[in-house]
A.B. asks: 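Here it is: the structure, laid out below.
Bear in mind that the values here come from a model prediction, so they are computed numbers and not experimental data. Chain naming here is simple, since letters A, B, ... match the order of the sequence lines and numbering starts at 1 in each.
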Protein chains: 2
Amino acid sequence: MVINGDGLTEMKKMDSESIGLVYLDPPFFTQCRQTLKDKNLNEHSFDDQWAGIEAYKSFMKERLSECQRILKKTGSIFLHCDRYASHHLRIILDEVFGARNFQSEIIWSYRRWSNAKKGLLNAHQVIFFYSKTDKFTFNPIYNGYSEATNIDQIFQKRKRDANGKTVYRTSELGNYELIEEKKGVPLSDVWEIPYLNPKARERVGYPTQKPILLLERIVEIASNPGDTILDPFCGSGTTLVVAKLLGRKYLGIDTSPDAVALSEKRLENPIRSDSTLLKKGRLAYSNQNTEILSLLNQIEAEPVQRNRGIDGFLKVNGKMIPVPIRIQRKDETIESAKQQLSKAIQKNGFKRAVLYQTNDKTEMPLFTLSISNTPNYQLYVYNTIDAIIRNKSVLIYER
Amino acid sequence: MVINGDGLTEMKKMDSESIGLVYLDPPFFTQCRQTLKDKNLNEHSFDDQWAGIEAYKSFMKERLSECQRILKKTGSIFLHCDRYASHHLRIILDEVFGARNFQSEIIWSYRRWSNAKKGLLNAHQVIFFYSKTDKFTFNPIYNGYSEATNIDQIFQKRKRDANGKTVYRTSELGNYELIEEKKGVPLSDVWEIPYLNPKARERVGYPTQKPILLLERIVEIASNPGDTILDPFCGSGTTLVVAKLLGRKYLGIDTSPDAVALSEKRLENPIRSDSTLLKKGRLAYSNQNTEILSLLNQIEAEPVQRNRGIDGFLKVNGKMIPVPIRIQRKDETIESAKQQLSKAIQKNGFKRAVLYQTNDKTEMPLFTLSISNTPNYQLYVYNTIDAIIRNKSVLIYER
DNA sequence: ACCGTCCCTGAATCATTGG
DNA sequence: TCCAATGATTCAGGGACGG
């Protein structure tokens, strides 16, 4: 159900201990401060900021207290925070839920378009996870092991010897004793989830809309099918859509009639558009074999993952220049490599390109340089890494 | 210089606006609470914890105020927080430095050994970055582009067309106009840096010792050579070592004479040891070729990177079982593959193993199963992926 | 309810082996 | 003698258990 109204009023009507999970993405402190400013413009101008944060805190505390009341004993709350107010919100959560019920500070991290801000690029948001009691519902998720883990060793049981040192256990016959199954590594509190792509089908025009995967994780780990999920600031209704898709009951509240209408429409026909990045994982983009990456690294070039003809761009003093490079594949003739590269560079209008010849160089001198001159571009072919590096200066575009 | 004494007393002696950068890793609130608890064991009970946090807050506020005083106008402070007190510390920072001088909440994320905790595995720590004024020193660092970025496109200059829409610029001839150099993506506020491993030589016996790389980033971005770096809780002296290596002046304070002695010893001969993980990166561990990885993925097996005979372990319902699998190489006879696998499993004491035969199967039926029985183990040979998947249930160890 | 003790975990290194 | 492969070890932080 989606209700049009004020979260506080609506929650007050609800029964105690009736909700399995609350997710909130409240209005940002900056936004809130803005509206408060507009409303009470006459009353205070001087102590504006202080009044602002106190007003925001009492606004949030009232609502969080109601959330606490209506949560079941096995319930949890996930509070999505504004970067300028997360510390104030956590103080309120400590007061309302108790510091002992703090479970996690979840970091949602993502890559983002950069801006010109002085300082570090903001690329994460914080979600606080508090439970009502220590009997909270939790469904663990397990992931694969680290690349650096010795997976062939972790099946071996261990014990402590007489000196308290950990050693591997062996049977009487001298064989290692084995663990029967390994679930994997528990999900950590840092979640790398792509920011909702502006073009994604999922997007319905709400500025703070959250990715479905983020909400899916929260709903999966902290509730069971049949539980009721509440979102008191439901906006475009992502939480509700996820709840519906995962077989949970759902309840959304928003002050905006437009938001309520939008949520209801989305719930009629919930779409789950997975971005390619999500489905395939970040590694799937790294479809080049390690060899190519290692060569690019030696040449000092930035790898390109999404172009058939181009493997990377040269770097000079750590800065990328618009000179594409291709590395000849093992199963590829030099002519075919030339064609692939030429096609790519002509399309994008590059003036110079480098082809690194890796095959059929047995009868050639230590390094060769051949320039294909056409009206549009120059193609340099080298067959040693050294030659490429030595000739980089030639390739820089004159200013 | 390293001083043995109380940070507060020592800082009070120092001149105002004399320090370029402060890094603090104060004692954890939990430790603090523990000692307070032990002291007041008789009183204890209800508002024990409350007294604890207030004491911690005033302890920290006194020290942070002194830090603010002695920082230069271009200076910054980096406060490494305890997971149970980060919100309280940020409130103090807002009070002392002003909310407008908040620059970043840095997330140091890492993989570490797991434990049986109910809930999410903690895998990050928070560092707050505040500046004294908005004229703070900041040296940007740039990194490579995301795997999902169209690197071949970002060289193209853009403009706005008549309708205000952004389009690529072209010259009169219809070619794209190119940007001459790109620096890369600015460093974000999420730093994935390996945790100092228990076996690392770099460790000097301080449990809270920080990786050199973490401090290097801080010192590099927020100070210039010649600046003085202050660490009022210097512990094993990592901050000072980094400052020295990067040509900054340094000043460390610690109440423990042992810590001071250790820091001084480390400073005599500052060593920056790079671990393999840092030097080569995570990709270096993935020495399996793509083909094998893809097959393992289809079979649903966890890859093993460091064992010659074993390529992976089978998974059943997402859980790894101690049944190793090997995939026959193209240039390898089935006998040789059998031998390699046998050797590995005998050494580690596995009872069952699977060999996937990829060659010489033209004259064979659609799938074959051959079990080599020896007293110690059973070796199953299959020649289709389907057969392996279908027979997994046979391979599970009985309880 | 609370304490101390013991056990389990997996990441990533050091140390040793073996070709 | 050297280098890659792999066996061995350590750590902090939970939970479980017993007193």
A.B. asks: In terms of the nearest nucleotide of DNA chain D, which residue is placed more toward the 5' end: B:Tyr195 or A:Gln153?
C.D. replies: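 Between the two, 5'-proximity favours A:Gln153.
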
A.B. asks: When the nearest nucleotide of DNA chain D is assigned to B:Asn197 and to B:Lys117 on a heavy-atom basis, which residue is associated with the more 5' position?
C.D. replies: B:Asn197

A.B. asks: Using whole Å, report how far CD of B:Glu302 lies from P of C:dA11.
C.D. replies: 10 Å

A.B. asks: Does A:Lys182 have a side-chain nitrogen or oxygen under 4.0 Å from the phosphate oxygens OP1 or OP2 of C:dG10?
C.D. replies: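 Answer is yes, contact under 4.0 Å.
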
A.B. asks: Please evaluate the base of C:dT13 for a donor-acceptor partner in the side chain of A:Asn150 within a cut-off of under 3.5 Å?
C.D. replies: yes

A.B. asks: Is B:Lys199 close enough to D:dA8 that one of its side-chain N or O atoms is under 4.0 Å from OP1 or OP2 there?
C.D. replies: no

A.B. asks: Would you say B:Arg306 places a side-chain N or O within less than 4.0 Å of OP1 or OP2 belonging to D:dA5?
C.D. replies: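 No, because none of the side-chain N or O atoms of B:Arg306 sits under 4.0 Å from OP1 or OP2 of D:dA5.
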
A.B. asks: Distance check: side-chain N/O of A:Arg158 vs OP1/OP2 of C:dC6, anything under 4.0 Å?
C.D. replies: no

A.B. asks: If you compare every side-chain N and O of B:Ser114 against the phosphate oxygens of D:dG14 (OP1, OP2), does one of them come in below 4.0 Å?
C.D. replies: no

A.B. asks: Answer yes or no: side-chain N or O of B:Arg112 and base N or O of D:dG13 forming a donor-acceptor pair under 3.5 Å.
C.D. replies: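 Check fails, no donor-acceptor contact within cut-off.
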
A.B. asks: Please state how far atom OH in B:Tyr206 lies from atom C1' in D:dA12, giving the value in whole angstrom units.
C.D. replies: 17 Å

A.B. asks: Map A:Gly144 and A:Arg169 onto DNA chain C by nearest heavy atom, then report which one ends up closer to the 5' terminus.
C.D. replies: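 Per heavy-atom nearest nucleotide, the more 5' residue is A:Arg169.
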
A.B. asks: Determine the contact category for A:Lys165: base if any of its heavy atoms lies under 4.0 Å from a base atom, sugar-phosphate if only primed atoms, P, OP1 or OP2 are that close, otherwise nothing.
C.D. replies: sugar-phosphate

A.B. asks: Would you call the rings of A:Phe97 and A:Tyr130 parallel, tilted or perpendicular, taking 30° and 60° as the class edges?
C.D. replies: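 Tilted.
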
